[in-house]
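Lettering of chains follows the sequences in order, A, B, ..., and the numbering in each one begins at 1.
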Amino acid sequence: MLDLGFVRENIDLIKKVLSDRGTEAPIDEFTEVDQKRRELIQEVERLKQIRNQESTKIGQLKREGKDEAAEKIIQKMGQVADEIKELDNELKEYKERLNEIMLQIPNIPHQDVPIGMDESDNICTREWGEIREFSFEPKAHWDLGTELDILDFQKGAKVSGARFTFLKGLGAKLERALVNFMLDVHLNEHEYKEVFPPFMVHKDSMLGTGQLPKFEEDAFKIEGTDYYLIPTAEVPVTNMYREQILSIDDLPIYHVAYSACFRAEAGAHGRDTRGIIRQHQFNKVEMVKFVEPENSYEEFKKLVRNAETILQKLKLPYRVMNMCTGDLGFTAAKKYDLEVWLPSYNIYREISSCSNFEDFQARRAEIRYRPEPEANARYVHTLNGSGLAIGRTMAAIIENYQNEDGSITIPEVLQPYMNGLERIENN
RNA sequence: GGAGAGAUACCCAAGUGGCUGAAGGGGCGGGUUUGCUAAACCUGUAGUAGGGCAUAUUGCUCUAGCGAGGGUUCGAAUCCCUCUCUCUCCGCCA
């Protein structure tokens, strides 16, 4: 959410942002509703001031035993009270409507964000690693995984339906190895503090990080409860600090969290139906930062590097994409996606998404800090990034590390997590 | 799931409709005394949000705010209703 005063004074800028992003919000209604709201506030507060003054007087008169004089004022105040009630109700409606409008206005993109409508306008910032030349026809991870009996799509479909998969044997172990490897790197080399969050949250948390109200369809809601399954650990971890004023000594806060992630994938019918690229449930290691505004882009750079480190250690070729306005996401001011090379697709696929939300989430979730003990509270900047999506990493390893005989070499850095095992092969 | 107790400011805590503009204590800030520290005494201490007015670094003023949301009333921390969370006991459970 943006600052109310900022929106009021920058209507034209907001309109430009909406058009750059290729999205819409009821911005014309904003001015009208805001205006009316402020008029009502003035009127109702004027009446409340009168009421407070007169009520004090009534109290005094009663104590002095002048009941008749008091009674006279009480008569008059009855009318004022009715008026206040009426105006308060009206004001409430305008406040709610204004809030609805504010929740639909996306973040202002950073000046370095390329303007564009969709993914074709994203700009490649850098590439890393060498794409392997295969002396044979590389197989897709779903074929390899099935042949090695480490991925079982049929069982997943049988038990839960489409977009669910069983990992079996060394596949399950490799998944676990990846989680531990990534957590260890971020803990030991990047100074993050580990958090293991709840996988279900209530509505306020989904609102706080911006998944609601705009993206309700993307989330799984538990029927008969107020709980949502988290689409990312970003939601519980960011909301840990909701409605809190942090001390300067607390900052910066770096958290890394493993969680399962649940996504309805509404509107993705027919996309990536094979393999483990797009599942309703997947694992992810997520990095979340809370920082002072002055440092946020420096911290952002570090965060992206932290995610890249994982890919480099795994020796997986990737590229870094600067996401354009149309592909930025509602809450982000700037976003880099890391895309890993997948031989069977012959393209790069997103494996990490790193965003700087600046104060957009913080304002919504009311996460502030005090720069000095007596100073006014300011909003922190929140940042997060996958470090990395485990399922897609698994797919990338299976495909990039495959051998002609259908076995998979285990990346060196993972071998200590696999009891020293060097290959997964058919036996 | 059942029974009970609670939620007041940075912390502890008093407070049964108007003198609460929230007592008192602790902590923290300022001051007096003092060779330093300590102590004693005096004094300040609602952060925040939303309005309005003037300045345009800032200041003044109003409204809201005693877990949250409603209600009663001229007036609610106080009375009533709903909800959330915490604690104790019982039951169940990993």
Under 4.0 angstrom, heavy atoms only, what part of the nucleic acid is A:R368 near: base, sugar-phosphate, or nothing? sugar-phosphate

Student check: side-chain heavy atoms of A:F330 and A:K214 closer than 4.5 Å: yes

Nearest whole angstrom, please: distance from the P of B:U73 to the CG of A:D82. 9 Å

Who pairs with B:G21 - Watson-Crick or G-U, where each distance is under 3.5 Å: none

Please say whether more than 12 non-hydrogen atoms of neighbouring residues, nucleotides or ligands are located less than 6.0 Å from CD in A:E189. yes

For atom CD of A:E366 and atom C1' of B:A68, their distance in whole Å: 14 Å

Checking A:R363 against A:Y379: charged group under 6.0 Å from the ring centre and within 45 degrees of the axis? yes

Are A:K92 and B:A64 close enough that a side-chain N or O sits under 4.0 Å from OP1 or OP2? no

In plain terms, say whether A:E54 and A:K76 are close enough for a salt bridge, that is, a side-chain N and a carboxylate O under 4.0 Å apart. no

Whom does B:G44 pair with, Watson-Crick or G-U wobble, provided both distances fall under 3.5 Å? B:C28

Check whether any side-chain heavy atom of A:E86 lies under 4.5 Å from a side-chain heavy atom of A:L91, and answer yes or no. no

Starting at CD of A:E96 and ending at C1' of B:G50, how long is that distance when rounded to a whole Å? 16 Å

Paired to B:C53 by Watson-Crick or G-U wobble criteria (both distances under 3.5 Å) is B:G59

Using a heavy-atom cut-off of 4.0 Å across all strands, would you classify A:K72 as base, sugar-phosphate, or nothing? nothing

Now, which nucleotide makes the Watson-Crick or G-U wobble pair with B:C66, with each of the two distances under 3.5 Å? none

NA contact type, A:R378, heavy-atom cut-off 4.0 Å: base, sugar-phosphate, or nothing? nothing

Polar pair under 3.5 Å, donor/acceptor by atom type, side chain A:E45, base B:G50: yes

Which nucleotide, if any, forms a Watson-Crick or G-U wobble pair with B:A9, using both distances under 3.5 Å? none

Please confirm whether the ring centroid of A:F164 lies under 6.0 Å from the ring centroid of A:H280. yes

When the P atoms of B:U86 and B:U16 are compared, how many Å lie between them, rounded to an integer? 28 Å

Sole residue of A:N239, A:T331, A:T382 in side-chain hydrogen bond (donor to acceptor under 3.5 Å, both in side chains) with A:Q361: A:T382

Phosphate-side-chain proximity, A:R38 and B:G52, N/O vs OP1/OP2 below 4.0 Å: yes

For B:C89, the Watson-Crick or wobble counterpart (both distances under 3.5 Å): B:G2

Partner nucleotide, any strand, of B:U72 [Watson-Crick/G-U, under 3.5 Å]: none

Short of 4.0 Å, heavy atom to strand atom, which residues of residues 50-69 of chain A count as contacting RNA chain B? A:R51, A:N52, A:S55, A:I58, A:G59, A:K62, A:R63

B:G35: pairing nucleotide in any strand, Watson-Crick or G-U under 3.5 angstrom: none

Does B:G50 have its OP1 or OP2 closer than 4.0 Å to a side-chain nitrogen or oxygen of A:R37? no

Could you point out which residue of A:E234, A:K289, A:H255 forms a side-chain hydrogen bond (donor to acceptor under 3.5 Å, both in side chains) with A:N384? A:E234

